[in-house]
Amino acid sequence: MQCIRNFVVCASWTVLGVLGVSASANAACATLPGTWYFYDMEGQSPNIQTKYSNVVVGPALNNKQQIESFSFTKTNKGYDNNTSTVIKCVLTVKAGGNMTAPCTAYMPDKTQNTTISGKLTLSACNLAGTINVNGDPTPVVIQGAHLNGNIGAGIATQGTAFHQFTLVRQ
């Protein structure tokens, strides 16, 4: 009832309260340095290898046409269905945004350990940066991510692969 009679005063306090919460939320996401758990899922379309072959298309043996088909040999099955990997890392982010991390990648029928390094930047809770995987010449580029306090999520690309990740502060 008090707010109904003093609408302008109540509205002003409400706006100030929202601004205060907004300012504290922005302050919470402004600290990137520290240790972060990084959980990532990498995927891509199946990699299908093809070749062109000449085939006979009529009664005459010299009547040939070139068609595209699977490239299948003893060492090349023509396609790769192992197209998803889940990854966990423990990022150590320094004050300037430089980071390093040991990681474990889980793929069908195998596990692989590696290290990553790179540089992350944070602006108004939006995370950007590049991650380099040891031994892989193609960097992971963060396309869009958001940190809010001690948790964040985002998407990244690495050549033809895509990543969806979650970050949790230790």
Side-chain angles (χ1 to χ4, degrees), residues 1-48 79-170:
M1 281 302 208
Q2 190 68 19
C3 276
I4 293 173
R5 282 185 247 144
N6 297 319
F7 177 74
V8 174
V9 172
C10 286
S12 298
W13 282 112
T14 302
V15 168
L16 288 173
V18 168
L19 289 175
V21 168
S22 178
S24 66
N26 283 337
C29 66
T31 57
L32 187 57
T35 302
W36 293 83
Y37 294 104
F38 178 81
Y39 303 102
D40 179 63
M41 177 175 277
E42 175 186 17
Q44 64 187 45
S45 296
N47 183 13
I48 298 176
Y79 63 91
D80 183 0
N81 274 338
N82 296 329
T83 58
S84 294
T85 303
V86 290
I87 303 162
K88 71 173 183 176
C89 305
V90 181
L91 305 178
T92 301
V93 183
K94 302 293 182 189
N98 290 327
M99 65 87 185
T100 58
C103 299
T104 304
Y106 301 92
M107 297 156 275
D109 300 324
K110 74 177 185 177
T111 300
Q112 182 176 351
N113 293 314
T114 191
T115 58
I116 62 172
S117 61
K119 183 164 178 105
L120 303 176
T121 59
L122 189 63
S123 176
C125 300
N126 295 311
L127 181 67
T130 301
I131 301 169
N132 301 301
V133 180
N134 187 30
D136 190 338
T138 307
V140 176
V141 179
I142 297 173
Q143 301 296 338
H146 187 84
L147 290 181
N148 189 6
N150 294 326
I151 194 163
I155 57 171
T157 56
Q158 182 182 22
T160 60
F162 60 89
H163 296 257
Q164 191 284 322
F165 63 89
T166 303
L167 286 163
V168 180
R169 186 181 294 278
Q170 181 180 26

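Note: hydrogens, waters and symmetry copies are ignored here, and every other heavy atom, side chains too, is used.
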Do side-chain atoms of K88 reach the backbone of Y106 as a donor and acceptor pair under 3.5 angstrom? no
Backbone N/O of T138 and side chain of Q158: donor-acceptor pair under 3.5 Å: yes
To check you understand the geometry: which heavy-atom pair defines the closest contact between [X] and [Y], and what is its length?
| X | Y | value |
| --- | --- | --- |
| F165 | I155 | CE2-N, 3.7 Å |
| L120 | L91 | CD1-CD1, 4.4 Å |
| N132 | G118 | ND2-CA, 4.2 Å |
| M99 | I116 | CE-CD1, 4.1 Å |
| T130 | P139 | CG2-CB, 3.6 Å |
| A124 | H146 | O-CE1, 4.5 Å |

Those residues that, when tested against [X], pass side chain to side chain donor-acceptor pair (under 3.5 Å) (two or more places apart):
| X | value |
| --- | --- |
| N98 | none |
| Q143 | T157 |
| S117 | none |

Distance in Å, [X] [atom1] paired with [Y] [atom2], rounded so as to fall on 0.5 Å steps:
| X | Y | atom1 | atom2 | result |
| --- | --- | --- | --- | --- |
| F162 | M41 | CZ | CE | 9.0 Å |
| N150 | W36 | CG | CH2 | 6.0 Å |
| I131 | I87 | CD1 | CD1 | 9.0 Å |

Applying disulfide bond (SG atoms under 2.5 Å apart), which residue pairs with at least one partner in residues 91-120 are found, sequence neighbours left out? C89-C103
Who passes side chain to side chain contact (heavy atoms under 4.5 Å, CB included) against [X], sequence neighbours left out?
| X | value |
| --- | --- |
| T121 | A128 |
| T115 | N134 |
| S123 | none |
| P102 | none |

Is any side-chain heavy atom of T31 less than 4.5 Å from a side-chain heavy atom of R169? yes
Heavy-atom side-chain contact between L167 and L127 under 4.5 Å: yes
